[in-house]
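What follows is a set of notes on a single structure, which appears directly below.
Basis for what follows: all heavy atoms, side chains included, without hydrogens, waters or symmetry-related copies.
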Amino acid sequence: MIVVTSTAHTASASKYLQQLCKHFAHKVPADWDSNKGEVSFPFGFCQMVATDASLTIRCEADEDQSMARMKGVIDSHIERFAWREELKLEWRPTA
C-alpha cells in the first residue's frame, strides 16, 4: 500500500474540502461534512481534514500508477478551486 499526504495552509480549508468532495461525488462515492471528507476513487482512497488554518489530504493506492493518477486529479482540482491563493500541494510519503 502506498500512502502520501499533503497539507495546504489556507483559511479556506473547509470550503475547499467541501468543494472537492461535492465535485467528486458526481462520479465516485464521497462522504463529507465541514471538517472531514472521504472519497473512494476506482484507483485509490482519499481522506481530507480541514482545520481553521489548513487542509490535510491523505491518499492510499495499491500501485504507483494509481497514486500518480489520484494525485494528478486532486492537484488539478485544488489548483482550479483555489486559484486565488495559487495553492500547490506538496506530496510526501507517509508510513
Side-chain angles (χ1 to χ4, degrees):
M1 180 71 61
I2 302 163
V3 180
V4 298
T5 60
S6 183
T7 299
H9 299 285
T10 174
S12 300
S14 178
K15 172 186 161 186
Y16 296 141
L17 179 150
Q18 293 177 73
Q19 265 185 302
L20 288 165
C21 289
K22 185 176 181 179
H23 180 79
F24 294 143
H26 292 289
K27 295 192 176 194
V28 297
D31 185 42
W32 70 94
D33 60 27
S34 60
N35 298 316
K36 61 184 182 272
E38 296 181 342
V39 181
S40 297
F41 294 102
F43 39 85
F45 180 73
C46 176
Q47 294 175 307
M48 299 177 222
V49 176
T51 67
D52 290 340
S54 66
L55 173 62
T56 299
I57 303 174
R58 181 180 188 274
C59 297
E60 301 174 3
D62 290 330
E63 52 191 37
D64 290 333
Q65 186 176 8
S66 296
M67 181 59 73
R69 185 173 177 196
M70 186 164 27
K71 290 190 308 186
V73 166
I74 294 168
D75 284 341
S76 67
H77 285 82
I78 197 74
E79 286 175 21
R80 189 177 339 149
F81 296 150
W83 63 271
R84 287 179 186 91
E85 293 185 63
E86 297 181 11
L87 287 184
K88 302 277 187 223
L89 299 175
E90 292 186 25
W91 298 100
R92 61 191 178 281
T94 305

Practice item. Any salt bridge (Lys or Arg N to Asp or Glu O under 4.0 Å) involving residues 67-87? Give me the pairs, sequence neighbours left out, ordered by first then second residue. Key: E79-K88
Review point. With sequence neighbours left out, which residue pairs that include part of residues 34-43 fulfil the salt bridge (Lys or Arg N to Asp or Glu O under 4.0 Å) condition?
Key: D33-K36
**Study point:** L87 CG to T10 OG1 distance, which is reported to the nearest 0.5 Å
**Key:** 5.5 Å
Revision key, fill the gap. When rounded to the nearest 0.5 Å, the distance separating CZ of F41 from SG of C59 is 7.5 Å
Using atom types as modelled, flag every donor-acceptor pair under 3.5 Å from a side chain in residues 46-56 to any protein atom, sequence neighbours excluded.
{"from": "T51", "atom 1": "OG1", "to": "A53", "atom 2": "N", "distance (Å)": "3.2"}
{"from": "T51", "atom 1": "OG1", "to": "S54", "atom 2": "N", "distance (Å)": "3.0"}
{"from": "T51", "atom 1": "OG1", "to": "S54", "atom 2": "O", "distance (Å)": "3.4"}
{"from": "T51", "atom 1": "OG1", "to": "S54", "atom 2": "OG", "distance (Å)": "3.2"}
{"from": "T56", "atom 1": "OG1", "to": "T7", "atom 2": "OG1", "distance (Å)": "3.1"}

Revision key, fill the gap. Taking every heavy atom of M70 against every heavy atom of A61, the minimum-distance pair comes out as CE-CB, 4.1 Å
**Study point:** Where F43 and S66 come nearest, the two heavy atoms and their spacing
**Key:** O-CB, 3.2 Å
Practice item. Considering only Ile, Leu, Val, Met, Phe, Trp and Tyr, and joining two whenever side-chain heavy atoms are under 4.5 Å apart, list the other residues clustered with F45. Key: none
Review point. Side chains of W91 and I57: closer than 4.5 Å at any heavy-atom pair?
Key: yes
Review point. Does anything in residues 48-72 pair up under ring-ring contact (aromatic ring centres under 6.0 Å, His included), and if so which pairs, sequence neighbours excluded?
Key: none
**Study point:** Under the side chain to side chain donor-acceptor pair (under 3.5 Å) test, residues paired with T5 that sit two or more places apart
**Key:** T94
N/O donor to acceptor pairs below 3.5 angstrom from side-chain atoms of residues 17-29, sequence neighbours left out:
{"from": "Q18", "atom 1": "NE2", "to": "S14", "atom 2": "O", "distance (Å)": "3.3"}
{"from": "Q18", "atom 1": "NE2", "to": "S14", "atom 2": "OG", "distance (Å)": "2.9"}
{"from": "H23", "atom 1": "NE2", "to": "H77", "atom 2": "NE2", "distance (Å)": "3.0"}

Check your understanding: How would you list, by chain and number, every residue that makes a salt bridge (Lys or Arg N to Asp or Glu O under 4.0 Å) with E60, sequence neighbours excluded?
Key -> R58
**Study point:** Verify same cluster id: V3, L89 (apolar side-chain graph, 4.5 Å)
**Key:** no
